[in-house]
Number of protein chains: 2
Amino acid sequence: MTRRSTILEVARDAGVSKTSVSRYFGAERDRLSAALQSRIAASAKRLGYHPNQMARGLKGGRSRLIGMLVADIRNPFSVAVMHGVEQACRARGFSLMVCNTDNDPAQERDHLALLTAYRVEGLVINAAGQPSRELRSLADQGTPLVLLDRILSDFEADMVGLDNAQAIDMALAHLEERGYGELLFISEPPAQASSRQARLGRFRQQVAARGLAGETLCLPLEGGERQLDDAIAAFLVRRPRAPKAVLCANGNVTLAVTRVLQAQEARLGDVGLLGIDELEWCSLVAPGITTLAQPTDVIGRSAVDSLLQRLATADRRSPPRRIHYQAELIPRGSTRRRDTP
Amino acid sequence: MTRRSTILEVARDAGVSKTSVSRYFGAERDRLSAALQSRIAASAKRLGYHPNQMARGLKGGRSRLIGMLVADIRNPFSVAVMHGVEQACRARGFSLMVCNTDNDPAQERDHLALLTAYRVEGLVINAAGQPSRELRSLADQGTPLVLLDRILSDFEADMVGLDNAQAIDMALAHLEERGYGELLFISEPPAQASSRQARLGRFRQQVAARGLAGETLCLPLEGGERQLDDAIAAFLVRRPRAPKAVLCANGNVTLAVTRVLQAQEARLGDVGLLGIDELEWCSLVAPGITTLAQPTDVIGRSAVDSLLQRLATADRRSPPRRIHYQAELIPRGSTRRRDTP
DNA sequence: TTGTACGCGTTATCAT
DNA sequence: ATGATAACGCGTACAA
């Protein structure tokens with residue numbers, strides 16, 4: 001059990017000064033003579049030396065840490081974005097501290113305090129509705145922030161996410177083209193997240209604009225199963241004016257709705273189903289569920305880019321940028337009607 | 001943009017010494033008079049002071065950081081375990097640094113170096129086959145390690161995972177009871193992970209012991225699609241001696257196999273399907289896919305417990321503990337035959 | 001090209 | 001009960 005060695009020990013072992021060792025592991029390796037370099041390399045290797053990032057951070061004020069706040073780590077969308085975030089961080093020489101809040105404001109505050117304590121240099125945030133005091137404080141201290149998939153009321157920050165209007169338009173165009181005319185849009189409660197509001201609002205507006213019959217249903221997925229079941233049953237039973245379709249505001253909704261439709265033995269396609277968020281199993285549920293895929297990896301990388309750009313240019317306070325990416329439609333059987341061949 | 005304040009500023013503002021402020025935020029708050037406490041609290045709050053964890057770590061050698069290495073962050077099983085790990089960390093006052101290696105040994109080494117640099121106090125590892133030099137070095141320096149779901153050859157460390165033998169036995173018993181007698185076990189290449197070897201070996205042994213017809217197929221999921229397709233087709237076409245069933249060694253395999261079975265228009269149940277790892281969509285693919293669920297949350301928490309126990313008792317070097325949890329069978333339609341009512 | 005000396009923010013030790 | 005001071009490991013002026 002070798003104790004962890006310090007820069008001083010390496011210096012002694014190599015017969016050089018701390019400074020030289022520091023330079024060797026820092027950005028000034030070139031300034032060292034070849035002789036010194038190899039001696040230091042040898043000693044460091046033999047002693048298993050690794051610079052202490054804590055000490056580095058202390059000294060330079062640079063933790064090389066990016067923090068990420070995730071509302072629900074078990075949501076595949078979040079994980080996919082996180083994958084992109086992590087890649088981008090690594091590529092740019094940063095490490096990532098991921099915190100899952102389980103949609104709990106208290107956990108969110110705790111985690112923010114922690115990330116503050118570790119002096120993260122930037123923050124990628126996908127979390128609950130209202131900006132906490134901790135968050136404001138972080139922003140106030142000049143820590144670059146990026147909001148994922150949602151904006152916060154009364155809080156200025158960069159954000160990157162989906163072009164919700166385009167996504168809804170694309171969904172409606174597809175459903176219309178496939179002959180569905182009576183639509184039900186189902187979402188989790190929109191109060192929490194701006195993107196939910198955006199999708200909901202656009203749906204209402206465009207359904208009217210296109211002269212379709214459309215209604216909306218907002219309810220919590222946990223605890224609202226019964227209500228969801230009843231609502232869908234009522235929707236399906238009603239005397240049809242046109243073929244019916246359900247539009248799901250995100251992947252969780254798609255999952256819950258698919259469960260209900262199967263329980264009610266509805267035939268996908270005869271009743272249309274289109275979900276926002278592509279999930280690995282959507283192609284498996286016969287005859288395949290049509291989805292709108294988000295470019296998750298790009299979103300994640302873009303978030304980090306945004307962050308690091310603010311960091312590099314020391315540009316806080318310029319007006320927030322909002323980046324919206326286009327969804328991609330993946331047509332499958334759940335939006336192909338069989339009753340009218 | 002308020003600059004981040006330090007302990008010294010708080011001390012000055014409150015008219016006390018650094019030491020007292022340090023005590024207030026540390027474990028010795030009681031030793032301070034009520035008067036001092038309230039003055040410090042007020043100043044700290046007004047200045048938005050948070051102790052710098054970097055400095056703390058540097059001074060005390062305690063980073064309060066746990067590292068986690070994940071082979072594939074997009075694997076739901078990994079995420080589920082990670083959820084448990086994170087909960088346990090938080091509950092015990094630690095933060096978690098998660099690193100995804102995408103099954104790439106190079107990334108694994110990089111990440112280990114990073115985690116070393118941040119002086120993580122413990123490491124939860126779910127990663128590729130051979131222990132890298134970095135890993136050995138970490139272990140050698142006394143950092144507690146826990147292996148998740150796999151042991152490493154020629155490398156002693158605690159581990160927590162599934163009781164693979166029990167899982168396979170349970171699967172075979174279920175399939176046998178349901179009348180399947182000709183089995184195909186499909187796994188990703190076992191060289192990478194010990195748990196794959198354990199499942200594979202147990203399958204071979206028990207199939208023989210029970211007098212069943214069993215064969216095995218090992219292949220990489222990416223790039224091996226064609227081969228998988230052919231192998232399953234051959235298995236299905238063969239003249240049956242008994243009802244056939246496929247046993248999938250993990251969730252990824254289940255996904256791939258389900259795709260193939262659907263493409264070949266096999267009726268689930270008529271050809272049995274049982275997968276290790278419960279996934280949210282397994283109940284959705286008609287008539288439901290029978291699975292063996294791992295207690296992911298418990299596994300994650302248990303891993304952290306194991307770590308922290310080593311830490312607390314400063315007990316490195318006592319023989320490695322191995323903790324195995326039982327799988328739970330979730331029977332669904334994919335293992336219910338319809339041809340013999 | 002290489003080394004000396006100081007400070008980053010904190011906690012631990014020793015006084016008072 | 002409180003404070004002064006010395007480390008912790010490192011980077012960086014500055015000096016040589």
Side-chain angles (χ1 to χ4, degrees), chain A residues 3-41 43-44 47-65 93 113-114 116-121 141, chain B residues 3-41 43-44 47-65 93 113-114 116-121 141:
Chain A
R3 207 183 48 73
R4 214 159 314 220
S5 43
T6 75
I7 200 174
L8 188 59
E9 293 166 345
V10 176
R12 277 207 260 270
D13 186 88
V16 303
S17 76
K18 287 196 315 176
T19 311
S20 298
V21 180
S22 172
R23 287 195 173 118
Y24 180 82
F25 285 99
E28 309 180 81
R29 183 177 296 191
D30 314 327
R31 291 176 41 176
L32 268 36
S33 66
L36 266 207
Q37 289 197 31
S38 56
R39 270 156 63 202
I40 293 175
S43 297
L47 271 49
Y49 170 74
H50 287 271
N52 183 330
Q53 191 61 36
M54 295 276 157
R56 282 185 157 177
L58 221 209
K59 175 59 184 160
R62 313 225 26 192
S63 66
R64 307 301 293 180
L65 240 32
L114 268 171
T116 303
Y118 282 101
R119 298 296 188 264
V120 294
E121 299 186 46
Q141 287 166 356
Chain B
R3 206 182 50 71
R4 214 157 317 215
S5 44
T6 75
I7 202 174
L8 188 59
E9 293 166 344
V10 175
R12 277 208 259 270
D13 186 88
V16 301
S17 75
K18 292 195 306 178
T19 311
S20 297
V21 180
S22 172
R23 285 191 174 120
Y24 180 83
F25 285 99
E28 308 180 83
R29 184 177 296 190
D30 315 326
R31 292 175 40 178
L32 267 36
S33 68
L36 265 207
Q37 290 198 30
S38 56
R39 270 156 63 202
I40 293 176
S43 296
L47 272 50
Y49 169 75
H50 287 271
N52 184 330
Q53 193 61 37
M54 295 276 158
R56 282 185 157 175
L58 179 53
K59 176 59 184 160
R62 311 225 28 194
S63 65
R64 308 301 293 181
L65 239 33
L114 268 171
T116 303
Y118 282 100
R119 298 297 188 264
V120 293
E121 299 186 47
Q141 287 166 357

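Every chain is numbered from 1, with letters handed out A, B, ... down the list of sequences. All of these numbers come straight from a predicted model, not from anything done at the bench.
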Counting heavy atoms from C-beta on, name the nucleotide in [options] closest to the side chain of [X].
X     : options               : result
A/T19 : D/dT12, D/dT2, C/dG9  : D/dT12
B/L36 : D/dT2, D/dA6, D/dG9   : D/dT2
B/S33 : D/dC10, D/dA1, C/dT10 : D/dA1

Please name the pair of heavy atoms, one in [X] and one in [Y], separated by the smallest distance, quoted to 0.1 Å.
X     : Y      : value
B/R39 : B/V16  : NH2-CG1, 3.6 Å
B/R62 : B/E121 : NH2-OE1, 2.9 Å
A/R56 : A/F25  : NH2-O, 3.1 Å

Quick check on DNA chain D: between A/R31 and A/K18, whose nearest nucleotide comes earlier from the 5' end?
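It is A/K18 whose nearest nucleotide is closer to the 5' end.
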Name the residue closer to the 5' end of DNA chain D, choosing between B/G60 and B/R39 according to the nucleotide with the nearest heavy atom.
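The residue closer to the strand's 5' end, by nearest nucleotide, is B/R39.
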Would you say the side-chain atoms of B/Q141 pair up with the backbone N or O of A/R4, donor to acceptor, closer than 3.5 Å?
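Looks like no, no N/O pair under 3.5 Å.
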Is there a donor-acceptor pair under 3.5 Å between the side chain of B/S43 and the backbone N or O of B/I40?
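Side chain of B/S43 to backbone of B/I40, a donor-acceptor pair under 3.5 Å: no, none is there.
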Assess whether a salt bridge exists between A/E28 and A/R31, defined as any Lys/Arg side-chain N lying under 4.0 Å from an Asp/Glu carboxylate O.
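Judged by the 4.0 Å cut-off on N to carboxylate O distance, A/E28 and A/R31 do form a salt bridge.
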Separation of [N] [atom2] from [X] [atom1] (nearest whole Å):
X     : N      : atom1 : atom2 : value
B/Y24 : D/dG3  : OH    : P     : 15 Å
B/I7  : C/dA12 : CD1   : C1'   : 12 Å
B/E28 : C/dC14 : CD    : P     : 14 Å
B/R64 : C/dT10 : CZ    : P     : 17 Å
A/K59 : D/dC10 : NZ    : C1'   : 8 Å
A/L8  : D/dG9  : CG    : C1'   : 9 Å
A/M54 : D/dG11 : CE    : C1'   : 17 Å
B/R12 : D/dT2  : CZ    : C1'   : 18 Å

N/O donor-acceptor pair, side chain [X] with base [N], under 3.5 angstrom:
X     : N     : value
B/R23 : D/dG3 : yes
B/S20 : D/dA1 : no
A/R4  : D/dG9 : no

Is the phosphate of C/dT11, meaning OP1 or OP2, less than 4.0 Å from a side-chain N or O of B/S22?
yes
Any side-chain N or O of A/R56 below 4.0 angstrom from OP1/OP2 of D/dC10?
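No, because none of the side-chain N or O atoms of A/R56 sits under 4.0 Å from OP1 or OP2 of D/dC10.
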Considering heavy-atom distances to DNA chain C, does A/S17 or B/G26 have its closest nucleotide positioned more toward the 5' end?
A/S17
Base, sugar-phosphate or nothing for A/Y49? Non-hydrogen atoms, less than 4.0 Å.
sugar-phosphate
Looking across every strand, which nucleic acid part, if any, lies under 4.0 Å from B/V16 by heavy atom: base, sugar-phosphate, or nothing?
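Answer is sugar-phosphate: B/V16 comes under 4.0 Å of backbone atoms only.
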